[in-house]
Amino acid sequence: MEFRHLGRSGLMVSEISYGNWITHGSQVEEDAAKQCVRAALDEGITTFDTADVYAGTKAEEVLGRALAGVRRESLEIFTKVYWATGPGPNDRGLSRKHITEALHGSLRRLQTDYVDLYQAHRFDNETPLEETLKTFDDLVRQGKVLYVGVSEWTADQIGRALKIADKMGFDRLVSNQPEYSMLWRVIEAEVVPLSEKEGLGQVVFSPIAQGVLTGKYRPGQPPPAGSRATDPAGGNFIARMLNDDVLTRVQQLEPIAADLGLSMAQLAVAWVLQNPNVSSAIVGASRPEQVRDNVKASGVKLESEVLKKIDDVLGPIVERDPAKTVSPERRP
Ligand SMILES: NC(=O)c1ccc[n+]([C@@H]2O[C@H](COP(=O)([O-])OP(=O)(O)OC[C@H]3O[C@@H](n4cnc5c(N)ncnc54)[C@H](OP(=O)(O)O)[C@@H]3O)[C@@H](O)[C@H]2O)c1
């Protein structure tokens, strides 16, 4: 496993990290979840990503149990706050009250005294940015959070936050967590150039497009048994990519991967890691074999002719519009 700096910070992260959205506390049983975490650790993954909202807070508990007993200094634990975790108006968003309470809940469930990275899981249009950033800064000073980042913020929102942090002397954002894959490149036009200039790294999610880029979903055929598309929670999220045009073009990536001696999943993960602004690619897995397959993408170099062939195959199905990065207008 190779390691990269998280943005311009001193923190090193494994360039492939493990995330537990959809899986822990939901799609997969606790035993399978623990086996995936064990496989990740055995393969050299040290960076783990979760969120308070995953599986209604159960995912953090499962990860906390799976990592119990592992030397804390050898792990980077990332979690997030914003989406609703309770019935009340203050159980969501980025207010001082909710961030503080949410972090305390996350620390308890993860069985740790601090998280390495605390991320705003979307932009909150109903809280002054100063209030959010001041609260993050306070949590850093209290030692409960080591670094702060965001997820799916636009370049404009990140830029505004950096200006406030610089003016007020608050801790600066070091990362953004956007969706990024061969199919979804909306960060390239605006978020990446700003991040390179300002020292934020991208911790990218769904690099395998939730499984679509493995090629296992075939055009005109029902999804394979036990896959995310057949899961009650996961099915809704993957549905937008399960159309014949996408699936037909993805099948045409197979010879490109085979020529390189890579699996399709490895090609997909290696592709996002070619972008030097990416600090880590977070992969999900419902089985330990998937983790062992995907980690082999670490250190793979893709030549420019390969990147061109991929672009030629995917053509018009690649999404590049930066306006596709959106946070809810009102708190959910
Ligand atoms: N910040 C955000 O808003 C946000 C949003 C989404 C995700 N995330 C983070 O990113 C992480 C990864 O997201 P993701 O799970 O969508 O990523 P992904 O790595 O693109 O997809 C993972 C899924 O693809 C399938 N898969 C993975 N490797 C495979 C292989 N080698 N062969 C066959 N199938 C394979 C598995 O699903 P099946 O076996 O069930 O088919 C697995 O659960 C999450 O856990 C979370 O930490 C963050």
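All residue numbers in this chain count up from 1 along the given sequence. Every value quoted in this text rests on a predicted model; they were computed, and no experiment measured them.
Between the side chains of Ser298 and Glu15, at least one donor N or O lies within less than 3.5 Å of an accepting N or O. Ser286 and Gln27 share no side-chain donor-acceptor pair at under 3.5 Å.
Residue Ile16 is grouped with residue Phe3 when hydrophobic side chains (ILVMFWY) are merged at heavy-atom distances under 4.5 angstrom, including chains of intermediate members. Neither Trp184 nor Phe237 shares a network with the other; the hydrophobic side chains, linked directly or stepwise wherever heavy atoms of I, L, V, M, F, W or Y lie under 4.5 Å apart, form separate groups for each. Val204 and Val186 are not part of a single hydrophobic cluster, where members link through side-chain heavy atoms under 4.5 Å apart.
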**Message:** What verdict does the side-chain contact (heavy atoms from CB on, under 4.5 Å) test give for Asn294 and Glu43, after you've listed the backbone C-alpha separation in whole Å, the side-chain angles of each residue and the deciding distance to 0.1 Å?
**Reply:** CA-CA 10 Å; Asn294 303 345; Glu43 296 292 340; over 6 Å; no

**Request:** Please step through side chain to side chain donor-acceptor pair (under 3.5 Å) for the pair Asp49 and Ser17, ending with a clear verdict.
**Result:** CA-CA 7 Å; Asp49 182 75; Ser17 41; over 6 Å; no

**Request:** Could you check Leu314 against Leu253 for side-chain contact (heavy atoms from CB on, under 4.5 Å), going step by step and ending with a plain yes or no?
**Result:** CA-CA 8 Å; Leu314 297 178; Leu253 295 172; 4.1 Å; yes

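When each of Leu262, Leu260, Asp259, Asp311 is paired with Val306, the side chain to side chain contact (heavy atoms under 4.5 Å, CB included) condition holds for Leu260 and for no other. The only member of Gln202, Glu196, Glu188 that meets side-chain hydrogen bond (donor to acceptor under 3.5 Å, both in side chains) when paired with Asn277 is Gln202. Here the options are Val70, Leu75, Asn20, the test is side chain to side chain contact (heavy atoms under 4.5 Å, CB included), and the partner is Phe48; only Leu75 passes. Just one residue in the list Gln177, Arg122, Gln119, His121 forms a side chain to side chain contact (heavy atoms under 4.5 Å, CB included) with Glu152, and that residue is Arg122. Of the candidates Glu61, Lys58, Gln35, Arg65, Arg65 is the only one forming a side chain to side chain contact (heavy atoms under 4.5 Å, CB included) with Glu30.
A donor-acceptor distance shorter than 3.5 angstrom exists from the side chain of Glu319 to the backbone of Asp321, with no hydrogens or angles considered. Judged purely by atom type and a 3.5 angstrom limit, Arg240 has no side-chain atom pairing as donor or acceptor with the backbone of Asn236. No donor-acceptor pair under 3.5 Å is formed between the side chain of Arg320 and the backbone N or O of Arg185. Under a 3.5 Å cut-off, the side chain of Ser106 and the backbone N or O of Asp52 do not form any donor-acceptor pair. For Lys163 (side chain) and Gly159 (main-chain N/O), no donor-acceptor pair under 3.5 Å exists by modelled atom type. No donor-acceptor distance shorter than 3.5 angstrom exists from the side chain of Arg228 to the backbone of Gly234, with no hydrogens or angles considered. Of the possible polar contacts, none joining the Asp171 side chain to the Asp137 backbone as a donor-acceptor pair under 3.5 Å is found. A donor-acceptor pair is defined here as one N or O able to donate and one able to accept, closer than 3.5 Å; such a pair exists between the side chain of Ser14 and the backbone of Thr47. A donor-acceptor contact shorter than 3.5 Å is absent between the side chain of Arg109 and the backbone of Val62.
Grouping Ile, Leu, Val, Met, Phe, Trp and Tyr by side-chain contacts under 4.5 Å, direct or through others, puts Val203 with Leu6, Leu11, Val13, Phe78, Tyr114, Leu117, Leu146, Tyr147, Val174, Phe205, Ile282. Taking a 4.5 Å side-chain heavy-atom cut-off between Ile, Leu, Val, Met, Phe, Trp and Tyr, the cluster of Val326 contains only that residue.
Scanning for ring pair (Phe, Tyr, Trp, His ring centres under 6.0 Å) contacts around Tyr217 gives an empty result, with sequence neighbours left out. Residues passing the ring pair (Phe, Tyr, Trp, His ring centres under 6.0 Å) test with His24 are Tyr18, sequence neighbours excluded. Partners of Gln157 according to the side chain to side chain donor-acceptor pair (under 3.5 Å) rule, which considers only residues two or more places apart in sequence or in another chain, are Thr154. Under the side-chain contact (heavy atoms from CB on, under 4.5 Å) criterion, Thr127 pairs with Ser95, Asp124, Glu131, Thr132, Arg331, not counting sequence neighbours.
In this structure, Asp113 does not pair ionically with Arg72, as no charged nitrogen and carboxylate oxygen lie closer than 4.0 Å.
The CG atom of Leu162 lies 6.0 Å from the CG atom of Leu200; values are rounded to the nearest 0.5 Å. Here the CD-CG distance, from Gln210 to Leu242, works out to 9.0 Å after rounding to the nearest 0.5 Å. Rounding to the nearest 0.5 angstrom, the gap separating the NZ atom in Lys97 from the CG atom in Asp91 is 8.5 Å.
Counting heavy atoms of neighbouring residues, nucleotides and ligands inside a 6.0 Å radius, atom CD of Glu29 does not exceed 12 of them. Enclosure of atom CZ in Arg141 is not indicated, since only 12 or fewer non-hydrogen atoms of other residues, nucleotides or ligands lie within 6.0 angstrom. Within 6.0 Å of the CZ atom in Arg330, the count of heavy atoms belonging to other residues, nucleotides or ligands does not exceed 12.
Between Trp83 and Tyr54, the ring center distance fails the sub-6.0 Å criterion.
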